[in-house]
Amino acid sequence: MQTPTQSPTYLAAELRLPTNWLDYTLLGIYFVVVLGIGFAARRSVKTSLDFFLSGRSLPAWVTGLAFISANLAATEILGMAANSAQYGAYTVHWYWIGAIPAMVFLGLVMMPFYYGSKVRSVPEFLLMRFDRGAHLLSSILFAFAAILIAGVNLYALAIVVEALLGWPQWVAIVVAGFFVLAYITLGGLSSAIYNEVLQFFVILAALIPITVLALKKAGGWYGLTDTLTKSHGDDFVTAWGGTGIGDANPLGANWLTIVLGLGFVLSFGYWTTNFAEVQRALSAKNLSAAQRTPLIAAFPKIFIVFLVMIPGLAAAALVPGFGTEESGYQYNDAIPYLMEGLLPNGVLGIAVTGLLAAFMAGMAANVSSFNTVFTTDIWARYVVKDREDGYYVRFGRLITAIGVLASIGTAFLASSFSNIMSYLQTLFSFFNVPMFVVFIVGMFWKRASMKSGFWGLLAGTTAAMVNYFVLYKQDIISIPSDQGANFVSAIAGFVAGGIVMVAVSLFTAPKPTEELQGLVYGTRSPGMAEPPAPGDEAWYRKPALLGWGAVVLAAACYIPFSF
């Protein structure tokens, strides 16, 4: 069994960047703009709906870019580049099968239920479909997961800034935490979303030069693949090579665990129930815009894989044994290594700003979703009820500060993983997958009882943790890699949660049929808008056309990597 490196995830000391006044000027301008957006958004915050969901007033293109930007965090930049350096072209699976189908499913199938029911959060939907037990447990699990994931982004930011700029880790943590806290506290979700739109373009401006120059230095695409084939084998540069059941490959997973564990369970669990993403769609101005939010985001998601995969592959090609102790680099060093060796001043400043923007976007998405769930689903529902609206806005700002401080406290839990992506996928298998099975059973089976939601969620979370910490970590079962173990944990959590829900439903009372309107597939509630008549909308406003277009395009992208 391969285990992650147990030493702290510090980047290589020789990666210090030759930054100058121009780079710091660009960085300073970015921080000023971020705070300016926060102050500008503050004027629109008059109610708790404004603070937590932007008053449900934003256009689809804004929420769509914010949706994808919220995901462009440690997972996307350091994590996926590290994945590519370690596992090769298998990284494409996290995008074309591990994201696009689930994003399309969210837009076409689940958003009408979320948006039409007028819920303010994902856990609140479970309250309406099941009972208070499912609602409270899901709220607590989500709030805990959001803080852990925000901590990953803050920790990643700190180690990158320390290695590249020489700032002490505590300075990087305090500076980044202060700016995220300031603009979310000032302008609520609107501030976070408009900053995420800005951050999307800043991140692209950082990644594109790194990708182009890395590919050039590695000898172009054919030079890169020839080098990696000689050093890592043919399977390293293909998507499906060596994934037969019983075959060995760098990822440590076969086609079945990739399709079921990543493509279905982990992917759908993350994209359809993770409130840090869904919250952006819930802030859209109408149902059509809410549906198009994840569909608009799906198109850049298809191609962003190249901006993180190619740098990881290039680092593996340029440094023999990259990621091993002998090379002096860890897998997380892929992007910083290329920045240090390839980028001139000015472009270097943009790249550093892009990295900071990515980490701040990821942290802000989780902190803004945390303050919404904690305030509306825990505090207002179970602790301090029926207070005036202004009280909950003030409490939301207070809990935002507490959430940032808690994120600082959880930041170093990621230090035992040399591949941040492995840590994040572990968290998703624990928290998102069990919630997904509760949603999918409850949304498509009217007989699912009120009590089944709580027990299904508890059983799924427990099964995933037992598989990872007991069966895998204690070598009771043999799984070749952490990523393979995450896929198996996700499947175990999904199956256990589904079985328990069915068993509990057979012995407990279902929810009355009249209370299921708009909550179960095939029913409608008064809050759901009627779909437009054929021809009433332009093609780019038709969710079904956008969704199927994204699926077909993602499937087509597999062709060059399949042979």
Side-chain angles (χ1 to χ4, degrees), residues 34-35 37-39 41-42 44-56 58 63 66-67 69-70 73 114 119-125 127 135-136 138-154 176-196 273-283 359-385 387-411 431:
V34 163
L35 287 182
I37 291 174
F39 279 105
R42 182 181 177 87
S44 65
V45 178
K46 297 180 175 63
T47 68
S48 60
L49 187 65
D50 295 332
F51 186 79
F52 295 120
L53 284 179
S54 301
R56 287 196 173 99
L58 301 179
T63 55
F67 189 98
S69 182
Y114 282 143
V119 296
R120 292 167 295 179
S121 69
V122 168
E124 190 175 2
F125 185 88
L127 175 64
H135 173 252
L136 181 59
S138 64
S139 299
I140 292 171
L141 288 176
F142 176 80
F144 184 61
I147 292 301
L148 286 174
I149 297 171
V152 175
N153 287 287
L154 197 55
F178 167 77
F179 279 98
V180 171
L181 173 62
Y183 71 72
I184 294 180
T185 303
L186 287 169
L189 183 63
S190 292
S191 178
I193 284 178
Y194 281 113
N195 267 304
E196 284 161 2
T273 67
N274 182 22
F275 187 49
E277 304 291 341
V278 175
Q279 187 181 27
R280 274 78 195 138
L282 290 179
S283 67
F359 297 130
M360 289 171 64
M363 182 183 177
N366 283 281
V367 169
S368 62
S369 59
F370 164 79
N371 69 24
T372 301
V373 168
F374 196 95
T375 302
T376 63
D377 290 288
I378 298 177
W379 194 260
R381 182 76 61 175
Y382 300 103
V383 183
V384 179
K385 306 176 184 179
R387 289 290 298 271
E388 70 279 5
D389 193 66
Y391 167 82
Y392 295 112
V393 175
R394 294 191 298 272
F395 182 81
R397 289 191 165 112
L398 172 63
I399 203 64
T400 299
I402 295 174
V404 170
L405 293 176
S407 300
I408 293 173
T410 63
F431 298 111

Chemist: To the nearest 0.5 Å, how far apart are OG in Ser139 and CZ in Phe275?
Modeler: 10.0 Å
Chemist: With sequence neighbours left out, write down each residue that passes side-chain contact (heavy atoms from CB on, under 4.5 Å) with Ile399, or none if nothing qualifies.
Modeler: Phe370, Asn371, Phe374, Thr375, Phe395, Ile402
Chemist: Measure across Val119 and Arg56 and return the closest heavy-atom pair with its distance rounded to 0.1 Å.
Modeler: O-NH2, 2.5 Å
Chemist: Hey, could you give me each pair passing salt bridge (Lys or Arg N to Asp or Glu O under 4.0 Å) that has a residue in residues 390-402? Not counting sequence neighbours.
Modeler: Glu388-Arg394
Chemist: Mind checking what makes side-chain hydrogen bond (donor to acceptor under 3.5 Å, both in side chains) contact with Thr63, not counting sequence neighbours?
Modeler: Thr293
Chemist: For residues Glu196 and Ser69, report the shortest heavy-atom separation together with the two atoms involved.
Modeler: O-OG, 2.8 Å
Chemist: Going by salt bridge (Lys or Arg N to Asp or Glu O under 4.0 Å), name the pairs with one or both residues in residues 178-191, residues two or more places apart or in two chains.
Modeler: none
Chemist: Looking at every heavy atom in both Ala150 and Val367, which two are closest together, and how far apart are they?
Modeler: CB-CG2, 4.3 Å
Chemist: Could you pull out all residues at least two apart from Ser121 that satisfy side-chain hydrogen bond (donor to acceptor under 3.5 Å, both in side chains)?
Modeler: Asp377
Chemist: Nearest 0.5 Å, please: how far is CD1 in Ile149 from OG in Ser369?
Modeler: 8.5 Å
Chemist: Distance check, rounded to the nearest 0.5 Å: Phe67 atom CZ versus Gln279 atom CD?
Modeler: 11.5 Å
Chemist: Mind checking side-chain contact (heavy atoms from CB on, under 4.5 Å) for Leu141 and listing every partner two or more places apart, or none if nothing turns up?
Modeler: Leu137, Phe431, Leu457, Thr461
Chemist: Of all the heavy-atom pairs spanning Ile193 and Ala66, show the shortest one and how long it is.
Modeler: CG2-CB, 3.6 Å
Chemist: Mind listing the closest non-hydrogen atom pair of Asn366 and Ala146 along with its distance?
Modeler: CB-O, 3.5 Å
Chemist: Are His135 and Tyr382 close enough, and set up right, to give a side chain to side chain contact (heavy atoms under 4.5 Å, CB included), and what steps lead you there?
Modeler: CA-CA 11 Å; His135 173 252; Tyr382 300 103; 2.7 Å; yes
Chemist: Report yes if the side chains of Phe142 and Val122 come closer than 4.5 Å at any heavy-atom pair, otherwise no.
Modeler: no
Chemist: Quick one: pull up CD1 in Ile378 and CG in Leu136 and give me the separation to the nearest 0.5 Å.
Modeler: 6.5 Å
Chemist: Check this for me: Tyr391, atom OH, are more than 12 non-hydrogen atoms of other residues, nucleotides or ligands nearer than 6.0 Å?
Modeler: yes
